[in-house]
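The structure appears right after this line, and notes come after that.
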Amino acid sequence: MENFPDDVLIRILSEVSAEELVLVCRLVCSQWKNIIDGFDLWQTKCMQDGFMETEGETEPTNWRTVYFLNKRKRNLLKNNSGEEEFDYWEDLNYGGDGWKIEELPGDNGNDFPLEGIEKYFATSFEYAARSDAGCLYELCVQLLSDNKDIITEYKSEMITIPQFSDASWNQINHTFSGYGPGVRFIRFQHGGQDSVFWKGWYGVRVTNSSVTIQP
């Protein structure tokens, strides 16, 4: 196959799994090795699998890294919408009647905009609100070392949703970058309360939380 032009081989090899490309095909000959170590093949595979969106305006210099990171991207938070009750979560500050898991849309609430999300965590007095009760919400995410020392952190301001809102779901997000080596753990904390101090679960509602590693 040494007579095949590179662009034809790229089209053929782009249909091979990434693992086979690196572990098997790369050892066939110098031409295949150069193609698999190069730019165009992995850019093609990223395009085929829809991994072309990147943060910022700079095009990646290593499309192979982009491909493998996207292929293995997953939510590092377990039980992010309460389907397993309170498994994998720790209540750090118990107030009022504590936390409760409810079925969407809940009283005076709205359905979640993504399919497959059927439950949420509801806070007591003590990230959608009920339409009849205002609420407060805050988020803190920390990148930690081996010894659980804080390398860097993000802490939101206290977010206020007024009483008698339309109960729509809101999203808060943050991207860490340039934090250097040594991150071994991620601590994710969030919570809130209602602002009218009614007994029961009238506080902020949270679901579908996620922590992912981006290329």
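Residue Ile35 comes nearest to Asp6 through the heavy atom pair CD1-OD1, 3.8 Å, listed as atom of the first residue, atom of the second, then distance. Closest non-hydrogen pair, Gln43 versus Trp63, comes out as N-CB, 3.6 Å.
Cys25 contributes atom SG, which lies 14.0 Å from atom NZ of Lys33 (distance to the nearest 0.5 angstrom). The structure places CD1 of Ile10 at 6.0 Å from OG1 of Thr44, a figure rounded to the nearest 0.5 Å. Distance check: Asp166 CG to Ile161 CD1 gives 9.0 Å after rounding to the nearest 0.5 Å. We find the CG-CG distance between Asp40 and Leu9 to be 12.5 Å, quoted to the nearest 0.5 Å. The structure places OG1 of Thr207 at 11.5 Å from CD of Glu102, a figure rounded to the nearest 0.5 Å.
Remark: Tyr67 engages Trp42, Phe51 in a ring pair (Phe, Tyr, Trp, His ring centres under 6.0 Å) (not counting sequence neighbours). Annotation: salt bridge (Lys or Arg N to Asp or Glu O under 4.0 Å) contacts of Lys155 (sequence neighbours excluded): none. Residues satisfying the side chain to side chain donor-acceptor pair (under 3.5 Å) test with Glu153, not counting sequence neighbours, are Gln142. Looking at residues two or more places apart in sequence or on another chain, you find a salt bridge (Lys or Arg N to Asp or Glu O under 4.0 Å) between Asp49 and Lys71. In this view, Arg11 satisfies the side chain to side chain donor-acceptor pair (under 3.5 Å) rule with no residue, not counting sequence neighbours. For the side-chain contact (heavy atoms from CB on, under 4.5 Å) test, residues two or more places apart in sequence or in another chain that qualify with Ser145 are Asn147, Asp149, Ile151. For Asn62, the side chain to side chain donor-acceptor pair (under 3.5 Å) criterion is met by Thr65, not counting sequence neighbours. Glu20 meets the side chain to side chain donor-acceptor pair (under 3.5 Å) test with Ser17; sequence neighbours excluded. Annotation: salt bridge (Lys or Arg N to Asp or Glu O under 4.0 Å) contacts of Glu19 (sequence neighbours excluded): Arg72. Annotation: ring pair (Phe, Tyr, Trp, His ring centres under 6.0 Å) contacts of Tyr179 (sequence neighbours excluded): none.
Under the 4.5 Å side-chain heavy-atom criterion for Ile, Leu, Val, Met, Phe, Trp and Tyr, Ile159 and Leu136 are members of distinct hydrophobic clusters. Residues Leu104 and Leu114 share a single hydrophobic cluster, defined by chaining ILVMFWY side chains whose heavy atoms lie under 4.5 Å apart. Residues Leu77 and Val183 share a single hydrophobic cluster, defined by chaining ILVMFWY side chains whose heavy atoms lie under 4.5 Å apart.
With contacts defined as side-chain heavy-atom distances shorter than 4.5 Å, the pair Asn70/Cys46 does not qualify. The shortest side-chain heavy-atom distance between Leu21 and Lys45 falls under the 4.5 Å cut-off. Between Leu76 and Ile186, some side-chain heavy-atom pair lies under the 4.5 Å cut-off. Residues Tyr88 and Asn80 are not in side-chain contact: their nearest non-hydrogen atoms beyond the backbone lie 4.5 Å or more apart. Counting heavy atoms from C-beta outward, Val24 and Trp32 have side chains that stay 4.5 Å or more apart. Inter-residue side-chain proximity for Tyr120 and Ile101 is flagged as unmet; no heavy-atom pair is nearer than 4.5 Å.
Side-chain N/O atoms of Glu118 and Ser81 include no donor and acceptor closer than 3.5 Å. Side chains of Asn79 and Glu85: no donor on one and acceptor on the other come within 3.5 Å. The closest side-chain donor-acceptor pair between Gln189 and Glu138, if any, does not fall under 3.5 angstrom.
Note: Phe121 and Phe86 have tilted aromatic rings, judged against thresholds of 30 and 60 degrees for the angle between ring planes.
Remark: the backbone N or O of Asn75 is not paired with any side-chain donor or acceptor of Ser210 at under 3.5 angstrom. Asp91 contributes no side-chain N or O that, together with a main-chain N or O of Trp89, makes up a donor-acceptor pair within less than 3.5 Å. With hydrogens and angles disregarded, a donor-acceptor distance shorter than 3.5 Å links the side chain of Trp169 to the backbone of Asn110.
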Going through the checks in order, is the side chain to side chain contact (heavy atoms under 4.5 Å, CB included) test met by Tyr154 and Ile172? CA-CA 12 Å; Tyr154 167 77; Ile172 182 172; 3.7 Å; yes
Would His190 and Val206 satisfy side chain to side chain contact (heavy atoms under 4.5 Å, CB included), going step by step from the backbone distance to the final call? CA-CA 9 Å; His190 66 169; Val206 294; 3.8 Å; yes
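Checked for salt-bridge contact, Asp37 and Arg26 meet the test: a charged N lies under 4.0 Å from a carboxylate O.
If you chain together ILVMFWY residues whose side-chain heavy atoms come under 4.5 Å of each other, Phe185 ends up grouped with Leu144, Ile150.
The stretch residues 170-183 participates, sequence neighbours left out, in no salt bridge (charged side-chain N to carboxylate O under 4.0 Å, His left out) pair at all.
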